[in-house]
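Inspection log for the structure reproduced underneath, given as structure tokens.
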Amino acid sequence: AIDFVSTSNIQIRGISMFGSFSGSATHTGLIQLKETLSQTVIASESFEYTSKEEQLYYDKLFSSQYMAEMGVKHTITIEYYNTETEEIWRGTGGQASTSTLCNGDTITFQFSESADSNNGSNEGYGQIPWILFSC
């Protein structure tokens, strides 16, 4: 899980996930997008993908776009249903803050460790390499 805040209203379109650490595996589970303070679930999406022993990204687009309001902390969680048999790659070198241009405006994201994290994920190390969004 990871918490984030953006400096602009954005539409969350999905996330990217990593594949298997060793061997080929089909991964299934649940992704949730929540408003952190109230713990209100904004989106809840099942996923399934097959990966090989490669450090690749697997995009999961949500069935709808979901608004993340500027200045409001949100949490993204991933629950894998089969992690006891297949280990997932983890990213390292993440940043607590990053900026990008979107429609000519600079959007800054602040990331922080989530209270929902139960596997050591934080802003520098984790299993959500990208948040897929639009302005």
Side-chain angles (χ1 to χ4, degrees):
I2 193 74
D3 289 349
F4 72 94
V5 176
S6 68
T7 57
S8 294
N9 291 339
I10 56 172
Q11 296 289 323
I12 304 294
R13 302 175 56 89
I15 65 168
S16 292
M17 297 174 282
F18 287 112
S20 303
F21 186 75
S22 62
S24 179
T26 299
H27 306 285
T28 59
L30 183 69
I31 302 165
Q32 289 192 320
L33 171 65
K34 297 186 272 188
E35 191 277 309
T36 307
L37 184 62
S38 69
Q39 289 292 295
T40 300
V41 175
I42 299 168
S44 185
E45 298 270 343
S46 297
F47 67 86
E48 180 176 330
Y49 65 97
T50 301
S51 68
K52 297 181 181 175
E53 187 178 335
E54 299 173 311
Q55 193 171 359
L56 299 175
Y57 302 126
Y58 295 85
D59 293 346
K60 168 57 178 165
L61 292 175
F62 295 156
S63 56
S64 297
Q65 297 181 38
Y66 300 97
M67 172 67 75
E69 294 182 37
M70 68 181 212
V72 176
K73 186 181 280 189
H74 292 83
T75 302
I76 296 177
T77 62
I78 303 175
E79 179 183 0
Y80 287 95
Y81 296 151
N82 58 335
T83 55
E84 56 281 338
T85 58
E86 289 299 328
E87 196 172 342
I88 305 296
W89 280 99
R90 292 184 172 101
T92 59
Q95 300 175 341
S97 179
T98 189
S99 296
T100 188
L101 284 177
C102 199
N103 295 333
D105 295 324
T106 299
I107 298 175
T108 300
F109 289 87
Q110 298 287 331
F111 297 99
S112 57
E113 186 172 350
S114 174
D116 290 349
S117 182
N118 61 8
N119 66 355
S121 291
N122 58 41
E123 61 274 13
Y125 175 86
Q127 296 177 323
I128 304 171
W130 293 335
I131 298 173
L132 307 173
F133 74 96
S134 60
C135 308

Legend entry - Asp3, Thr77, Ile76, Ile2 screened by side chain to side chain contact (heavy atoms under 4.5 Å, CB included) with Asp116, the one that passes: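 Filter result, single survivor: Thr77.
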Over 12 foreign heavy atoms within 6.0 Å of [atom1], [X]:
X	atom1	result
Lys60	NZ	yes
Leu37	CG	no
Gln39	CD	yes

Inset, instruction - Test side chain to side chain donor-acceptor pair (under 3.5 Å) on Thr50 and Thr26 and set out the steps. - result: CA-CA 4 Å; Thr50 301; Thr26 299; 3.0 Å; yes
Inset, instruction - For the residue pair Tyr80 and Tyr49, categorise the inter-ring angle as parallel (less than 30°), tilted (30 to 60°) or perpendicular (more than 60°). - result: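 Judged by the thresholds at 30° and 60°, the geometry between Tyr80 and Tyr49 is perpendicular.
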Which heavy-atom pair separates [X] from [Y] by the least distance, and what is that distance?
X	Y	answer
Glu48	Thr28	CG-CG2, 3.7 Å
Ser134	Arg13	OG-CD, 3.6 Å
Leu132	Ile15	CD1-O, 3.7 Å
Ser16	Tyr57	CB-CB, 4.3 Å

Inset, instruction - Output, in order, the C-alpha distance, side-chain angles, deciding distance and verdict of side chain to side chain donor-acceptor pair (under 3.5 Å) for Glu113 and Ser121. - result: CA-CA 7 Å; Glu113 186 172 350; Ser121 291; over 6 Å; no
State yes or no: do [X] and [Y] share one hydrophobic cluster built from I, L, V, M, F, W and Y residues joined by side-chain heavy-atom distances below 4.5 Å, directly or via other members?
X	Y	result
Phe109	Met70	no
Leu33	Val5	no
Trp130	Ile128	yes
Val72	Phe4	no

Inset, instruction - Using a 4.5 Å cut-off on heavy atoms from C-beta on, say whether the side chain of Phe47 contacts that of Leu30. - result: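 They are not in side-chain contact.
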Legend entry - Separation of Ser51 OG from His27 NE2 (nearest 0.5 Å):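 Output value for this atom pair is 3.0 Å.
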